[in-house]
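Report on one structure; see the data block that follows.
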Amino acid sequence: MLDIRFVRENADTVKAAMVNRNADVDIDAVLAFDRRRRATISEVDELKAERNTISKSIGLMIKEGKDPEAIKAQMREMGEKIAAMDEELREVDAKLREALLYIPNLPAETTPVGQDETDNPVVRSWGEKVELDFEPKPHWDLGEALKLFDLERGAKIAGSGFPLFTGKGARLERALIQFMLDLHTEEHGYTELATPFMCNETAMTGTGQLPKFAEDMYSVPLDGLYPIPTAEVPITNMYGNEILGQELPILHTAYTPCFRREAGSAGKDTRGLQRVHQFDKVEMVKFTTPETSAEEHEKLTLDAERVLQKLGLHYRVIELCTGDLGFSAAKCYDIELWTSAQDKWLEVSSCSNFSDYQARRANIRYRNEDGKATFVHTINGSGVALPRLVIAIMENNQNADGSIDLPEVLWPYMGGLEKLT
RNA sequence: GGAGAGGUGUCUGAGUGGUUUAAAGAGCACGCUUGGAAAGCGUGUGUGUGCUUAACGGUAUACCGAGGGUUCGAAUCCCUCCCUCUCCGCCA
């Protein structure tokens, strides 16, 4: 959520930023709510001040044995007026908040301006494309042949997009999760968490999934819960409504499954594991001061890249331009893996700096050097998401006989297994 | 799911309708004291919002788990909900 004072004082900047984002929001409507809200507060506070004074004098009158009935009758009227104005204030307050919740974050100054994904610059790349001297098979063929997963039976029990991993495929999921968690906790300084896999509406609003993206979320209406689309939700919101007493930055990592309805993307890249409703992911989340967030964002991105380097996978980092930037993010790098069999790039990580946007929504603060309660900056990124990672390993490491070589760092996690046959 | 007990500031903890403007203590910060420290003494010590200020700040209002209600006036009384603890039930 944007700071209403900032919006008030920099309306033109905000409007220009929204144009760069292709965001259709009515800033003037927000400003009108803001004006009405402040006028109402001034008025009702004055009345309340008067009521407090007179109420106290009534107390004194009773003590002195005087009859306060005449004044009380008068005060009843004032009470009704205050109640009416409080109600009006509640309404305009709710409208203002609702409007603000639908306004996306301001892009960082360093975020490149652009229309859509074709304007996203490539920041860097690592490794080289794998050249195979035979006709490579897509992962869905390899996986069925090696019995790594059984997508038909997954569909039978839950629906398409709910993959069922079997045997070595299931073990590969577990091995990758553990490898990544070990890397982030032992070498990158993150503290591991095991979080709830469902969150309430407040948490989903805190990180920006609600209210605007309700249709992307699964929900359990009977209990008011939502299966998490990313560990970002429980991890970020665990500090909601707190003034953090500990040193910043705070670094957390967690494995969770992620649940996404993928509404509106039906039929797009859905073959095999490319786009699924449930997938495993190791996430990284940081809470930083405003001064260090840019630097910590770069470091977090490198932490994600390190996973891919250790696995020996060719990747590139692109930066999202203003037109392609996620709703809550100020700046974002996507990491994409190359797959030779399909001759294309697959997004496996999205590393974003949210500045104080989520912190303001979730009300997460710390004490700055002056001792003043200040909103933290939140940063998070996948480190990394599994299905497309598995795709890249399978498709790039395949042999002519249909077997798949496992990256050396995974051998210990696979019980010594070096090859999927 | 049932019964009971609770939820007050950084912490402990008092407070059952009106100088509570949330007592007191601890902690913390600053000052005095000291050769230095401790002790002692003194002062200060939350958050949101509105108005105001160049700024320090000032001022008003709200906040005692959350949301409603009663009342001239609510931490205090009433209603709904949430959470924690104990016991029972169910259960991996």
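Naming convention: chains lettered A, B, ... in sequence-line order (proteins, then strands); numbering from 1 in each chain. These numbers were taken from a predicted model, which means no experiment stands behind them.
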Taking the side chain as every heavy atom from C-beta outward, state whether A:Glu187 and A:Asp303 have any pair of such atoms under 4.5 Å apart. no
Please tell me which of the listed nucleotides, B:U21, B:G68, B:G50, lies nearest to the side chain of A:Arg5? B:G50
Among B:G18, B:U71, B:U47, which nucleotide sits nearest the side chain of A:Ser55? B:G18
Is it true that A:Arg388 and A:Glu336 make a salt bridge, defined as a side-chain N closer than 4.0 Å to a carboxylate O? no
Within the structure, does a side-chain N or O atom of A:Arg8 lie under 4.0 Å from either OP1 or OP2 of B:G50? yes
Nearest-nucleotide comparison on RNA chain B, the residue closer to the 5′ end among A:Ile71 and A:Lys48: A:Lys48
Of the listed B:U61, B:G50, B:C72, the closest approach to the A:Lys72 side chain comes from B:C72
Quick one: look up who B:C51 pairs with, Watson-Crick or G-U, both distances under 3.5 Å, and put none if it's unpaired. B:G58
Does a side-chain N or O of A:Arg367 approach OP1 or OP2 of B:U10 to a distance below 4.0 Å, or not? no
Has A:Arg38 got a side-chain N or O lying under 4.0 Å from the OP1 or OP2 atom of B:U49? no
Minimum-distance nucleotide (side-chain atoms of A:Ser42 versus B:G18, B:U71, B:C51): B:C51
With no hydrogens and no angle check, just 3.5 Å: does a side-chain donor-acceptor pair link A:His297 and A:Tyr333? no
Looking only at the side chain of A:Lys56 (C-beta and beyond, no hydrogens), which of the listed nucleotides B:U47, B:U21, B:C72 gets closest? B:U21
Looking only at side-chain atoms of A:Ala49, point me to the closest of B:G68, B:A60, B:G50. B:A60
Between A:Glu395 and A:Thr339, is there a side-chain donor-acceptor contact under 3.5 Å, judged purely by atom types and distance? yes
Quick note, A:Arg37 side chain, CB onward, closest among B:U49, B:G18, B:U61 is B:U49
